[in-house]
Amino acid sequence: MVGVKTAPVLSCSFCAAAEPESLAQETIIDGLDPKEATRLRRVRNIGIAAHIDSGKTTATERVLFYTGRIKSIHEVRGKDAVGAKMDSMDLEREKGITIQSAATFCDWMKTENGKDEKYHINLIDTPGHIDFTIEVERALRVLDGAVMILCAVSGVQSQTITVDRQMRRYNVPRISFINKMDRMGANPFKAIEQINHKLRIPAAALQVPIGTEDNFKGVVDLIRMKAIYNEGSKGEIVVEKDEIPESVKALSEEKRRVMIETLADVDEEIAEIFLDERTPSEEQLKAAIRRATIALKFTPVFIGSALADTSIQPMLDGVVDYLPNPAEVVNMALDSRRAEAPVKLVSYNSLPFVGLAFKLEESNYGQLTYVRVYQGTLRKGMNVFNARTNKKVKIPRIVRMHSNEMEDVQEIGAGEICAVFGIDCASGDTFTDGALNYTMTSMFVPEAVISLSIKPKNSKDSASFSKAMNRFQREDPTFRVHVDQESQETIISGMGELHLDIYVERMRREYGVDCETGQPQVAYRETITQRVPFDHLLKKQTGGAGDYARVMGWMEPTDNLEENYFEHQISGGAISEKFLFACEKGFQSSCEKGPLLGHKVLGTSMVINDGATHMTDSSEMAFKIATQQAFRKAFTAGKPQVLEPLMKTTITAPNEFQGNIVGLLNKRNAVINETDIGPEDFTLYADCSLNSMFGFSTQLRAATQGKGEFSMEFSHYSPAPMQLQKELIAKYEKQQASRHKK
Ligand SMILES: Nc1nc2c(ncn2[C@@H]2O[C@H](COP(=O)(O)OP(=O)(O)OP(=O)(O)O)[C@@H](O)[C@H]2O)c(=O)[nH]1
């Protein structure tokens, strides 16, 4: 069985088109040329994703140290004030949070059957905070597997649930690592129980801890039944002992049984062995764990403490043993020459090149584009085609990234990740060598839900301000900038307050521009609820050439609240193609700023089915304006309403606070969809309007003695309560009136 990796939009059509049988044929590594197979077998592209502060960066620091990529370990917010390698931005080091995902690579020597085998691991450390979720999305889009880190005390937290959703969206197999075993109250089995029940993915420990908290010394490997300890000042020496300490012998036997039982539920071979009451061999167990993990049916769980330098190396062995190599994941593209038919990409160096630009970053040497090579080889000096723009570009320089440092390389093979300089493109563009016309589906970009007005305090900084805005927008598809035509204010929008704050701060630090910002605003939408016919004539005769355009048709709500739609049904040539195009432009620009509040229009369609043109007075401008005027009139007559963003909200807290939290949510008119009550903690899933969630974190803290936490993710737009609509409209009208007076 193989994992099929697609972006969400196309997953259904791909699943329908791709029979598992035929997929398997082309992706079984043994079918490849033996040299390619050996190379690919030793490559892993993985990401590390988790709830905020679970220890992703701390664990990555150990991985880099043990694989020899860095010479010493520096802690996140450590006393030496250096900061972890992967948090390379000053702001990240100060705040101790990861903002941008950082890519690196390392080689891991694994001893197999007494022989040392070298594995090449491309690794991306992603941010935990929901506001930087696009970084996780784009990493998961191009990675073949992931390590999901959980805290041994907190277990599955609100953001773990979001990360879980993202991993499912891109069909990413995962191993789990329960970190912070040295903390007071550490309980890995509670966390495993939560993975099973809250995330609903079968999980079982492959290890049992030897001691906990201050006494955490190592782990028992349940497959080989050996004790594993770390020695040396930084845990760099792994010591294996056949002797399992008496204190954990019974627990190890019990958890080994649980591991086999869990595997028997998800793997046929182990199920048979289990039913025959035989004992599976080490090889059988490892093969079953690998099969089930890659098939997304199971997650093996490792246990350790990154800060205490304990049991990181076995987790790295787990990456190699249980996460897929690039040939074991099916990646699909669409063939534009064959009506966008789905095609499988094969990680063969000798095939025509196909790569995906998944992340852009401004560096001191120009724009850096991260590329995942899915097929063929990317060589320095070669010409590649951007499938979106059809433009040819030469690849001047290829580097492998090591956080903010880079290493030049001549070429990069299929299944690998690199960065290139000097190509102009957008995030999500597909590149090919021109022989193929393939495009890859791009990643899911969540809606921006918060906006604020911004301007430089000092007008002399305008040029740097624009430069920074352009750069941030190119790099981050969830960060948007526009100028409000009426107020002439620059408005930035993004995923949350922290997201926008970070950009304001980066503007100051990286470009020396201090900014003034307005109050954060919710990104409302406007829509109509009724079908309205229109017949609008624009006619101006003021001497000389006049303006003439007549447009007829109707406007109505669309079935979904996801987009707007324009169509013309003109047959007799009453309006020419050129003018119809101007009408469409008029419609699009009207949708940018709705009549009710000046927010974007959503879920509205316009059909033009008749009209009139004047021989001399009609122009594109006249038709554009006529359409805008018709839009305004029809929209106002179509019982318009304000839509507000509803957020999928996940809250976790100890059980005793359930009443308080339900009270808080009721006050906000939230819809509680589900509550999971565990032995100590509960998780509550609700839809809340973003507007009602300002200040929620402070109230949640107060209501739970600081023990509750929550995360929010945009879900959909829904009509705002009548009272709020009235207030918002009245406020907007007042603003408009005072603007016109001025
Ligand atoms: N006790 C203990 N603390 C740890 C461990 N691992 C990490 N920490 C601490 O937890 C805090 C967060 O660690 P990070 O590595 O920054 O976590 P992160 O998941 O990368 O954080 P974000 O990227 O901001 O989400 C830091 O203060 C670490 O020192 C551990 O094994 N034990």
Side-chain angles (χ1 to χ4, degrees), residues 46-66 70 73-104 123-136 139-140 146-163 166 176-188 191 207 209 211-219 230 234-235 302-315 403 495-496 498-499 501-502 709 711:
I46 62 156
I48 298 196
H51 183 83
I52 317 156
D53 274 0
S54 312
K56 296 179 290 295
T57 309
T58 309
T60 309
E61 193 80 357
R62 270 53 187 184
V63 168
L64 295 177
F65 180 69
Y66 298 140
I70 54 173
I73 291 176
H74 297 286
E75 303 302 354
V76 175
R77 287 191 226 107
K79 289 198 189 76
D80 62 5
V82 176
K85 178 75 198 166
M86 301 299 271
D87 281 348
S88 59
M89 249 199 249
D90 284 349
L91 204 56
E92 291 181 320
R93 292 184 172 186
E94 259 166 52
K95 297 201 179 228
I97 56 168
T98 307
I99 296 168
Q100 285 185 325
S101 56
T104 189
L123 195 149
I124 298 188
D125 169 27
T126 61
H129 200 285
I130 186 81
D131 281 19
F132 310 109
T133 191
I134 188 68
E135 292 286 319
V136 186
L140 292 179
V147 179
M148 178 172 80
I149 301 193
L150 293 100
C151 166
V153 181
S154 314
V156 169
Q157 293 171 275
S158 53
Q159 184 73 19
T160 324
I161 294 169
T162 313
V163 166
Q166 289 169 322
S176 303
F177 179 71
I178 299 189
N179 188 32
K180 305 200 182 181
M181 275 306 297
D182 59 316
R183 275 189 60 189
M184 217 161 81
N187 182 350
Q207 300 168 334
T212 51
E213 302 175 6
D214 284 351
N215 267 329
F216 178 54
K217 294 198 183 78
V219 294
N230 288 76
K234 284 289 170 196
F302 294 82
I303 291 169
S305 164
L307 197 64
D309 307 314
T310 309
S311 197
I312 294 290
Q313 293 92 336
M315 182 266 283
S403 185
M495 305 300 298
L498 179 64
H499 187 209
D501 280 354
I502 292 285
E709 29 174 82
S711 79

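Order of listing sets the numbers, starting from 1, for every ligand and every atom in it. For reference, positions follow the sequence shown, starting with 1.
Set against the non-hydrogen atoms of S305, the atoms of ligand 1 under 4.0 Å away are 30 (C), 31 (O), 32 (N). Per-residue contacts place T57 under 4.0 angstrom from the following atoms of ligand 1 (heavy atoms of the residue considered): 15 (O), 18 (P), 20 (O).
Atoms CD1 and CZ, on I178 and F302 in that order, are 11.5 Å from each other to the nearest 0.5 Å. Residue S154 holds its OG atom at 11.0 Å from CG of N179, rounded to the nearest 0.5 Å. The line from OG of S711 to NE2 of H51 is 8.0 Å long, rounded to the nearest 0.5 Å. Here OG1 of T212 is found 13.0 Å from CZ of R183. Values are rounded to the nearest 0.5 Å.
For R183, every heavy-atom contact with ligand 1 shorter than 4.0 Å involves the side chain, none the backbone. Within the 4.0 Å heavy-atom criterion, the part of D182 lying near ligand 1 is the side chain and not the backbone.
For the residues I178, L307, D53, the heavy atom positioned nearest atom 12 (C) of ligand 1 is part of D53. Scanning T310, T58, I149 for the heavy atom closest to atom 7 (C) of ligand 1 points to T58.
Put simply, the side chain of T310 never gets that close to the backbone of S305: no donor and acceptor are under 3.5 Å apart. Checking side-chain atoms of Q159 against main-chain N and O of A50 turns up no donor-acceptor pair under 3.5 Å.
Contact annotation: S54 has at least one heavy atom less than 4.0 Å from an atom of ligand 1.
Inclusion of A306 in the set of residues having an N or O under 3.5 Å from an N or O of ligand 1 is warranted. Of the N or O atoms in G55, one or more lie within a sub-3.5 Å distance of an N or O in ligand 1.
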Worksheet item: Stepwise, does the side chain to side chain contact (heavy atoms under 4.5 Å, CB included) test hold for T58 with L307?
Response: CA-CA 7 Å; T58 309; L307 197 64; 4.2 Å; yes
